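Contents: one structure, followed by commentary.
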Amino acid sequence: MDVEIITVGTELLLGSTVNTNGPYIGRKLTELGYNVRYHQSVQDHMEDMKNALDLAMGRGDIIIFSGGLGPTKDDATKEAVAEYFHLPLIFDEKTWMEIQERGRRSRYVLTENNKRQAYFIQGSQLLDNPNGSAKGSFLSVEGKYIFLLPGPPNEFEPMVAQVLERLPEPEAPLKVSSLHLTGIGESHAESLLRELDLENDALEIETYASYSEVEVKIMGRGLSPVELEAATAKVSTLLKGYVFSDNSETAAETVVRRLQERGETLSFAESITGGLLSSMITKIPGASSVFHSALVTYSDDQKEELLGVRRETLASKSAVSREVAEEMALGLYQRTGAHYTLSLTGEAGPSTNTQAQVGTVFLALAYQGKLLHVEELHLNGSRETIQLKSAKNGLSLILQYLMEAEHGK
């Protein structure tokens, strides 16, 4: 069954708010075998919403709206859908009483426009919202399944389960498996996959790049689980040495798990990333068993005092250099004794404090006090993007060496 997602909100198109609802429900539906074909985003305008619905009615079996269910005049999703189908809006007294009670508990002053959230399209089934006053609704009309859900992600995401339980089983479900790669670029991975020549009318293979990682999706329609598993195994064998996960496990989760399996520890010396890499690891449950410590050393004085970087190295090579990265990683081992020590130093911009260009980054990785790898990167983007890319590349570097250790290299 074909699905179309319509996210409503002028703030989405202006860039004021990041649209996470579309990707969230898209993943959930794809995992269950539904074919998510289209995703529209429209402003809070009645005509735009009706035009989007008209387009979706011509090409989708399941249409899911997100946003526009609030109490203000521009929250008009229900009104737009009701007008499109020439159906009236019906006031629900029970919902209004619930809104009033929520207002009393939260000490909110309710106004007349709050009643808008108690109106629903005639014939709708109401969907409970555990985290807000805007209930969702489900409407079966003209052979289509139409859902209206609130926009805030903390309200939207818990309500997706109520959507899934009302959907019919897909006739020819799309089965998807994923492989997550590191240490290889998307173009290289894609060229290897094309040589494998596995694709046909029932099987499609796509690659998606994200900073220092590549995801390969193997998608089969009408295939049995055994057939999809066999195709995935062929891809995995082809890309052996690059695959770090064959499920939803992230790079950070994989690093923590592999270190736990090996009984080893990790420490970071972060300059350019300011603790960002450490936060990626510490978000993982159980990270305390492998993550020893981190030092954020932005100034030259702190690099010298806390990590033992030599003053003459800083003076002659500058803080953004291969030599300083090396001394940071080795000095970190002397102070922490962690099995793996990784240092990052660079220029995130928009201006520079050294002779290095913005986006110049050095990573150094050591194992038990012996240097394994030093890498120079030249990254582009905003300050935040360069910092994120630096952290992701650091994570990828650790992961590659853990994978090599596992394969006995």
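We use all heavy atoms of the structure for the numbers below, so side chains are in, but hydrogens, waters and symmetry mates are not. In this text the structure is predicted, and so the values were computed from the model without any measurement.
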Regarding His188 and Glu186, is there a side-chain donor-to-acceptor distance under 3.5 Å anywhere? no
So, are Lys50 and Glu83 salt-bridged, with charged N and O less than 4.0 Å apart? yes
Is it true that atom CZ of Arg311 has more than 12 heavy atoms of other residues, nucleotides or ligands lying nearer than 6.0 Å? no
Using the ring of Phe147 (Phe, Tyr or Trp, six-membered ring only), decide whether Arg166 places NZ or CZ under 6.0 Å from its centre and within 45 degrees of its axis. no
CA sep, side-chain torsions, deciding dist, call: Glu253, Arg257, salt bridge (charged side-chain N to carboxylate O under 4.0 Å, His left out): CA-CA 6 Å; Glu253 289 170 334; Arg257 176 178 58 78; over 6 Å; no
Answer yes when Arg194 and Glu190 have at least one side-chain N-carboxylate O distance shorter than 4.0 Å, and no when they do not. yes
Can a salt bridge be assigned to the pair Glu98 and Lys135 using a cut-off of 4.0 Å between side-chain N and carboxylate O? yes
If we count only N and O atoms by modelled type, under 3.5 Å, do the side chains of Asn131 and Glu155 hold a donor and an acceptor together? no
Does the distance from a Lys or Arg side-chain N to an Asp or Glu carboxylate O, for Arg37 and Glu4, drop under 4.0 Å? no
Side chains of Ser390 and Thr273: any donor to acceptor distance under 3.5 Å? no
Glu347-Thr354 side chain donor-acceptor pair, cut-off 3.5 Å: yes
Are the side chain of Ser178 and the backbone of Asn247 linked by a donor-acceptor contact shorter than 3.5 Å? no
Tell me, yes or no, whether the heavy-atom count around Gln357 atom CD, taken from other residues, nucleotides or ligands under 6.0 Å, exceeds 12. no
Angle between ring planes, Phe138 versus Tyr145, binned at 30° and 60°: parallel, tilted or perpendicular? parallel
Check: Thr111/Asn113 side-chain N/O donor and acceptor closer than 3.5 Å: yes
Within 45 degrees of the axis of the six-membered ring of Tyr119 and under 6.0 Å from its centre: does Lys78 put its NZ or CZ there? no
Among side-chain atoms of Thr182 and Glu213, is any donor-acceptor pair under 3.5 angstrom? no
Tell me if the CD atom of Glu229 is crowded by more than 12 foreign heavy atoms within 6.0 Å. no
